[in-house]
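Whatever order the structure lists ligands and atoms in, that order sets their numbers, starting from 1. Values below: all heavy atoms of this structure, side chains included; hydrogens, waters and symmetry mates excluded.
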Amino acid sequence: MRSTSLPYCRPHLNANEILAAAECLREGWLTTGPKVKEFEAAFSRACGVEHAVALNSCTAALHVALAAMGVGPGDEVITPSLTFVAGAQCTMELGATPVFSDIDRETLSVTVESLEAVVTPRTKVIITMPYAGRPLDIARIVEFAHARGIRVLEDAAHAAGTLDRGEWAGTRSDAAAYSFYATKNMTTAEGGMLVTRDDGIAERARILGLHGMSKDAWKRYTAKGAWRYDVVVPGFKYNMPDPLAAIGIGQLERLPSMQAARDALARSYLDGLSELEGFSVQAGPSSIGDRHSWCMFVVKVDPRVAGFDRNRVIEELSRANIGSSVHYIPTHQLSAYRHLQHAPLPETDAVWEQLVSLPLFPAMSESDVDDVLDVLRRLSDSGSAGASLPAALAQ
Ligand SMILES: Cc1ncc(COP(=O)(O)O)c(C=O)c1O
């Protein structure tokens, strides 16, 4: 057992980023201001998309994007069930109905075929999610959706760092929402960014994200600002504060080096796991120019093969002082969403029980990876003897 605990994730803020946030606090610009503008411009340049709207979470970005796309009562929004609840939650907040799509068991993301099974004339938006940061075949999904007059919104929470045929994931659909939550590839503590090439979506999202005000409220407090404003639509209070944007500017600059660290750790996991019985991993990227962001490193434990199940892996890791997580309990199984009708989701129902996310963050060492692999190796050795296979699973 390790003498120090290895957390599932640890954010990586350097001295410059902490100083930049402190500078905002010292200067007294606490809410949305010049740092947010600078962060938006830098993000837009980095991903190559005209509009980048900084908000206080990815959930906020999904919410204003769906609203800006005109989602309302009577509409359906397709979302994977194997994702964080944010997309379904925002759909319901707008009075529309979330429709759960199954996923491909290898990529853990939706496919055109799984979408085809649930699309209806009421479908207004399809939310896709590149699971763990593995690029999905977004071009095919966009073609499928646009042929039916449906918009595609990417939940790109895991995708800062994901490349889709050489371009940032999130740049080929109607809009994408990134997350800067503490466990993501870049963080602002809490925060999100909506990117879109669509002028109308960008303008509506900006207005909706700040109470529905007709122009940037922060300008009212500058020398050139005027006190008068109008509220043109009931909106939300979703603006990003400047101290967080200051952190984001530094994190974005360091994204390539943090990504390189994730790549190396993921390679070590993949090498180690290739020798172990009982564990499999998500299918790798499939096109030239693709890159997995390794926002999460997820292994699948099929108890029929392994002789032990996912829960046992979590317990053994915890006993060895190592954190882990599960992404995700499918949304259709959560209390607040269980009442929603849905098509059969056999892949989701089967695969989520097998998933465990291992520790992965840039400051982790190779020896940390070895500690995790040691636990899995011990389990694999014991499982191959079939010692811990519960009777119900052995049938
Ligand atoms: C797939 C996915 N979507 C959306 C979110 C929500 O992000 P945020 O916490 O920035 O609202 C998360 C956060 O964990 C996520 O993993």
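- A salt bridge links Glu113 to Arg140: at least one charged side-chain nitrogen sits closer than 4.0 Å to a carboxylate oxygen.
- Applying the side chain to side chain donor-acceptor pair (under 3.5 Å) test to Asp137 and every residue at least two apart in sequence or in another chain returns nothing.
- Here side chain to side chain donor-acceptor pair (under 3.5 Å) pairs that include residues 178-192, with residues two or more places apart or in two chains, are Asn185-Gln259.
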Give one line per pair: atom of ligand 1, protein atom, distance. Only N/O to N/O under 3.5 Å.
residue: ligand 1; atom: 3 (N); partner: Asp155; partner atom: OD1; Å: 3.1
residue: ligand 1; atom: 3 (N); partner: Asp155; partner atom: OD2; Å: 2.6
residue: ligand 1; atom: 7 (O); partner: Ser179; partner atom: OG; Å: 3.4
residue: ligand 1; atom: 10 (O); partner: Cys58; partner atom: N; Å: 2.9
residue: ligand 1; atom: 10 (O); partner: Ser179; partner atom: OG; Å: 2.8
residue: ligand 1; atom: 11 (O); partner: Cys58; partner atom: N; Å: 3.3
residue: ligand 1; atom: 11 (O); partner: Thr59; partner atom: N; Å: 2.9
residue: ligand 1; atom: 11 (O); partner: Thr59; partner atom: OG1; Å: 2.5
residue: ligand 1; atom: 14 (O); partner: Lys184; partner atom: NZ; Å: 2.8
residue: ligand 1; atom: 16 (O); partner: His158; partner atom: NE2; Å: 3.1
residue: ligand 1; atom: 16 (O); partner: Lys184; partner atom: NZ; Å: 3.0
residue: ligand 1; atom: 16 (O); partner: Tyr328; partner atom: OH; Å: 2.7

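- Gln251 and Glu17 are linked by a side-chain donor-acceptor pair at a separation below 3.5 angstrom, with hydrogens and angles left out of the test.
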Which pairs of donor and acceptor atoms, one on a side chain in residues 369-379, lie under 3.5 Å apart (sequence neighbours left out)?
residue: Asp371; atom: OD2; partner: Arg2; partner atom: NH1; Å: 2.8
residue: Asp374; atom: OD1; partner: Arg377; partner atom: NH1; Å: 2.7

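- Both tests do not hold together for Arg45 against Phe43: distance to the six-membered ring centre under 6.0 Å, angle to the ring axis within 45°.
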